[in-house]
2 protein chains.
Amino acid sequence: MATELQDFLEVIQQVDTFERFQEATVGLRDLLNITHVVYHWVNSVGERFGAGTYSSEWVDRYLEKDYLRMDPVLFGCFQRFTPVNWKQLDWSSKAAKAFFRDALDHGVGNQGYTIPLRGPNGQFALLTLSHNATDDQWERFITRYERDLMIVAHEFNKKALSFDAPGDVQSGPTLSPRETAAITLIAKGFSRGQAAAEMRISEHTLRVYIESARHKLGAMNTTHAVARALSLGLIII
Amino acid sequence: MATELQDFLEVIQQVDTFERFQEATVGLRDLLNITHVVYHWVNSVGERFGAGTYSSEWVDRYLEKDYLRMDPVLFGCFQRFTPVNWKQLDWSSKAAKAFFRDALDHGVGNQGYTIPLRGPNGQFALLTLSHNATDDQWERFITRYERDLMIVAHEFNKKALSFDAPGDVQSGPTLSPRETAAITLIAKGFSRGQAAAEMRISEHTLRVYIESARHKLGAMNTTHAVARALSLGLIII
DNA sequence: ACTTACCTCACCATTTATGGGGAGGGTGAA
DNA sequence: TTCACCCTCCCCATAAATGGTGAGGTAAGT
């Protein structure tokens, strides 16, 4: 690992407030000598949090124009496992082209590289680097730093996570074996009657499990309970 | 990065069949001079695939006993973002203790380290290392290799992904914006009437979206559709 | 011994979801 | 332009889920 980035990991580990995230992104930008570094994070309750070097005008415009719903970077990363060079994305739609032009006008670089990382409970994070460079230059930059940046992204996430769920992991509700089995069957598309038959219990009993699980999960209805159980990783389908 | 692992990345990149995964795990085990290396992967359609150095007896027993549903490692990793040292997990339950003893009896080491990684469409992968060592020795081992192993895990996943969706990323079903919005609201526990009010459309229209999404997702009912949409990463609640 | 949680079963009335139709207007791509 | 897909609205009858309340037995932990 490049020694300058080695040191930078220490900087991340000392982040203790949201504001420090901002400083850390600035630090990384200056270290790599590029135009922008942005860290974007969606926590387990769907709250978005961003820290980075984009101008506040661009951030406001991005939110105002609801670019979240058309940004090919965000969209591409939602469907991907691996980091992505922006050039590889699909910019063919009219909306995407307009968005890219708008971004350029607001100081975002013409090149970009984004690392997506996912956690349990729908946690989703992006570390984005942007710069003005030729395709070749950018390719070389990525080749040089991609592995280091992966580590940096993970360190950022570790910090973000520590803010999200301070303390224990095992805090959420737990389901009994029969409740888990019942909810899992329902999540697989079984009706109550089918699920009861599968579990060889009366439909009445199955209802008790579902209701019990629903209460534990604080869910409004069965569908909500299934969604929460899935999000919390309590069941696997 | 340790040079021996540097070279190993090349080995991973040359994996071209499922069998080669097996060889790669053996290679990594010998390189690190530990007892076991296992790579476990759940693809976008829920199929499980494992490659590693565990004895076939243990693998068979694991499946036969349905340890998948009680393994604290698997369970812990589902709820976690970051790699986990097995010692940190909750082994207090009777089932977990019995499982651990059974694992020891089948040659699994007393120490372990597992890196969870998630992708879109519910893809979930684990890279597990296991060894017989004291807590201190294992701690030192992890401290030395954790960053390198993260890179290795990502390389494994890159390969696994290339087998999963050869070619296009856009393989699964997609939902229209309104369908996504409707399914998301239902997943959040809204009734059809509430969701329709929230979207400012008639309940009839909302039903059309739900039904349409249900058909696209090949789901038996609304709850199943929500579960599938969540698993596929099409919605976030 | 006592409490807590789990598993199993039952009835009531009401609300909600589902499956099957049909129809018109919009937008974007081939 | 035509085709496909999306958005919006409507009716009907039936099937399924929900909310509330109750009750008896087992198993584990304090």
Side-chain angles (χ1 to χ4, degrees), chain A residues 69-70 90-98 172-229 234, chain B residues 69-70 90 92-98 170 172-229 234:
Chain A
R69 307 213 167 270
M70 70 174 81
D90 175 24
W91 296 93
S92 61
S93 83
K94 213 163 57 176
K97 279 176 186 143
T174 57
L175 300 181
S176 78
R178 297 300 264 175
E179 286 162 356
T180 305
I183 287 281
T184 303
L185 288 172
I186 296 298
K188 284 180 174 171
F190 288 61
S191 72
R192 282 191 192 167
Q194 291 172 323
E198 184 75 18
M199 288 174 70
R200 295 161 193 282
I201 54 176
S202 76
E203 189 176 333
H204 306 285
T205 304
L206 186 113
R207 277 188 56 191
V208 175
Y209 297 144
I210 302 292
E211 286 294 293
S212 168
R214 197 162 66 77
H215 283 117
K216 284 185 182 177
L217 294 164
M220 302 295 292
N221 51 47
T222 303
T223 301
H224 192 198
V226 166
R228 286 192 56 79
L234 297 174
Chain B
R69 306 212 169 269
M70 70 174 79
D90 175 23
S92 60
S93 84
K94 211 165 58 174
K97 279 177 187 143
Q170 199 72 283
T174 57
L175 301 180
S176 77
R178 297 300 264 174
E179 286 162 356
T180 305
I183 287 281
T184 303
L185 287 173
I186 296 298
K188 283 180 175 172
F190 288 63
S191 73
R192 295 210 289 210
Q194 291 172 323
E198 184 74 19
M199 289 176 69
R200 293 161 194 283
I201 54 177
S202 76
E203 189 176 333
H204 306 285
T205 304
L206 186 114
R207 277 189 55 190
V208 176
Y209 297 144
I210 302 293
E211 285 294 291
S212 168
R214 197 165 65 77
H215 283 116
K216 285 185 180 176
L217 294 163
M220 302 294 293
N221 51 47
T222 303
T223 301
H224 192 199
V226 165
R228 288 193 54 78
L234 297 173

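Below, chain A is the first sequence line, B the second, and so on; all start at residue 1.
Partners of A:Thr222 by side chain to side chain donor-acceptor pair (under 3.5 Å), not counting sequence neighbours: none found. Under the salt bridge (Lys or Arg N to Asp or Glu O under 4.0 Å) criterion, B:Lys188 pairs with no residue, sequence neighbours left out. A search for side chain to side chain contact (heavy atoms under 4.5 Å, CB included) contacts involving B:Ser191 returns B:Gln194, not counting sequence neighbours. Under the side chain to side chain contact (heavy atoms under 4.5 Å, CB included) criterion, A:Ala181 pairs with A:Met199, sequence neighbours left out. By the side chain to side chain contact (heavy atoms under 4.5 Å, CB included) test, B:Thr205 is found to be paired with B:Ile201, B:Ser202, B:Tyr209, residues two or more places apart in sequence or in another chain being considered. With sequence neighbours left out, B:Arg214 forms a salt bridge (Lys or Arg N to Asp or Glu O under 4.0 Å) with B:Glu211.
First and last contacts of DNA chain D with chain B, using any nucleotide atom under 4.0 Å from a protein heavy atom and ordered 5' to 3', fall at D:dC6 to D:dA28.
At whole-Å resolution of the value, NZ in A:Lys97 and P in C:dG28 are 13 Å apart. A:Met220 has its CE atom 14 Å from the C1' atom of C:dT15, to the nearest Å. The separation between B:Arg214 atom CZ and C:dA17 atom P is 13 Å, rounded to whole Å.
When atom types are taken as modelled, the side chain of A:Thr184 and the backbone of A:Thr180 share a donor-acceptor pair closer than 3.5 angstrom. Side-chain atoms of A:Arg192 do not come within 3.5 Å of backbone N or O of A:Glu203 as any donor-acceptor pair.
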Exercise. What is the per-nucleotide protein-contact pattern of nucleotides 3-11 of chain C, from the 5' end, where B denotes a base atom under 4.0 Å from a protein heavy atom, S denotes such proximity for sugar-phosphate atoms only, and - denotes neither?
Worked result: ---SSBBB-

